[in-house]
Amino acid sequence: MEYRGGNQLYPEINYGSTNVTSQQPQSYYHRSPSQQSNFPNQPIVQQPQMQNNSLMVTGFEGHREWTTDLFDCCAEPNTFVLTCMCYPCSICYLGSRIGENMCMPLCVPASDITLRNKIRTVGGIKGSMCNDCATVLFCGQCAACQEHRELTNMGVP
């Protein structure tokens, strides 16, 4: 930029000042540094794309369904027996499998809903918080068995 006569002037634009030297306007074509000598006047042919938000790991909607049905409880007999005999133990084990403190389900109200929501979110499974609440409320033990199977299918030890 040049400063002449109280105006900031771009060398390629003539503002009508008598002080400005006449210059050829520069091309308004996009040129990367590597293309400057090879392709002198390459036009922009692609619209700028929206940048991905690096803080957002996944979208709000999942992209897949649960790998097993809610009522496939007998698919893993050991988990089924554990969940039927001691539901709190099953939820504590479920919490420890997804990286939470094993005692968290005993201390946090509605932790079984929260665990289901976390598994659904991490796994990219379609659903909603309302659906999670209804599933756990009416079929809590079946939901816990389904969550254990899902983690197994996802490769979580």
Side-chain angles (χ1 to χ4, degrees), residues 1 3 7-10 12-13 26-157:
M1 265 192 273
Y3 183 79
N7 292 325
Q8 288 185 352
L9 302 175
Y10 293 97
E12 68 270 11
I13 300 174
Q26 293 181 0
S27 174
Y28 289 98
Y29 293 100
H30 172 71
R31 286 182 258 157
S32 68
S34 64
Q35 295 174 332
Q36 284 183 351
S37 61
N38 298 340
F39 304 101
N41 290 324
Q42 182 178 1
I44 299 172
V45 294
Q46 185 177 13
Q47 290 291 327
Q49 300 295 319
M50 189 169 116
Q51 298 295 321
N52 290 335
N53 184 350
S54 62
L55 298 177
M56 192 165 175
V57 177
T58 183
F60 291 110
E61 294 296 322
H63 61 277
R64 67 178 184 92
E65 300 292 332
W66 292 89
T67 56
T68 60
D69 190 49
L70 181 64
F71 300 109
D72 289 340
C73 297
C74 295
E76 287 184 359
N78 293 340
T79 303
F80 176 68
V81 170
L82 172 68
T83 304
C84 287
M85 300 304 260
C86 186
Y87 180 72
C89 295
S90 178
I91 295 300
C92 288
Y93 177 55
L94 188 65
S96 69
R97 285 184 74 185
I98 62 171
E100 297 293 336
N101 187 315
M102 190 171 201
C103 297
M104 184 274 296
L106 301 174
C107 304
V108 177
S111 60
D112 45 0
I113 297 169
T114 306
L115 293 174
R116 183 171 182 85
N117 186 268
K118 183 174 181 177
I119 292 168
R120 191 174 52 75
T121 303
V122 169
I125 300 169
K126 295 177 184 176
S128 66
M129 181 63 88
C130 186
N131 188 7
D132 292 341
C133 290
T135 302
V136 169
L137 179 65
F138 295 112
C139 304
Q141 292 174 330
C142 294
C145 288
Q146 183 185 35
E147 293 158 19
H148 279 289
R149 288 191 308 274
E150 193 67 35
L151 289 177
T152 300
N153 292 341
M154 288 168 47
V156 177

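Note that this is a predicted model, so its numbers are computed, not measured.
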Working to the nearest 0.5 Å, report the span between [atom1] of [X] and [atom2] of [Y].
X      : Y      : atom1 : atom2 : result
Ile113 : Leu137 : CD1   : CG    : 7.5 Å
Cys145 : Asp69  : SG    : CG    : 12.5 Å
Cys74  : Phe80  : SG    : CZ    : 4.5 Å
Gln141 : Met85  : CD    : CE    : 11.0 Å
Ile98  : Leu115 : CD1   : CG    : 4.5 Å
Asp112 : Cys92  : CG    : SG    : 10.5 Å

Contact summary for [X] and [Y], nearest pair of heavy atoms:
X      : Y      : answer
Arg120 : Lys126 : CD-O, 3.6 Å
Ala144 : Thr83  : CB-CG2, 4.0 Å
Phe71  : Cys142 : CD2-SG, 3.9 Å

**Report entry** From Glu147, His148, Gln146, residue fulfilling side chain to side chain contact (heavy atoms under 4.5 Å, CB included) relative to Thr79
**Finding:**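 Per the side chain to side chain contact (heavy atoms under 4.5 Å, CB included) rule, the option paired with Thr79 is His148, out of Glu147, His148, Gln146.
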Query raised in the report: Can Thr152 and Arg97 be counted as having a side-chain donor-acceptor contact under 3.5 angstrom?
Result: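 Checked: Thr152/Arg97 side chains pair up, N/O donor to acceptor below 3.5 Å.
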Requested in this report: Go through the steps for Thr135 and Leu70 under the test side chain to side chain contact (heavy atoms under 4.5 Å, CB included), then give the verdict.
Outcome: CA-CA 9 Å; Thr135 302; Leu70 181 64; 3.8 Å; yes
Note, [X] side chain near [Y] side chain (heavy atom, < 4.5 Å):
X      : Y      : value
Val136 : Asp132 : no
Thr67  : Arg149 : no
Glu65  : Ile125 : no
Leu151 : Leu94  : yes
Trp66  : Asn153 : no

Report task. List the steps, then state whether side chain to side chain donor-acceptor pair (under 3.5 Å) holds for Glu150 with Thr68. Result -> CA-CA 7 Å; Glu150 193 67 35; Thr68 60; 4.8 Å; no
Query raised in the report: With distance as the sole test, does Ser111 use its side chain to make a donor-acceptor pair with the main-chain N or O of Pro105 at under 3.5 Å?
Result: yes
Requested in this report: Look only at the side chain of Arg116 and the backbone of Gly140, and say whether a donor-acceptor pair between them is shorter than 3.5 Å.
Outcome: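 Side chain of Arg116 to backbone of Gly140, a donor-acceptor pair under 3.5 Å: no, none is there.
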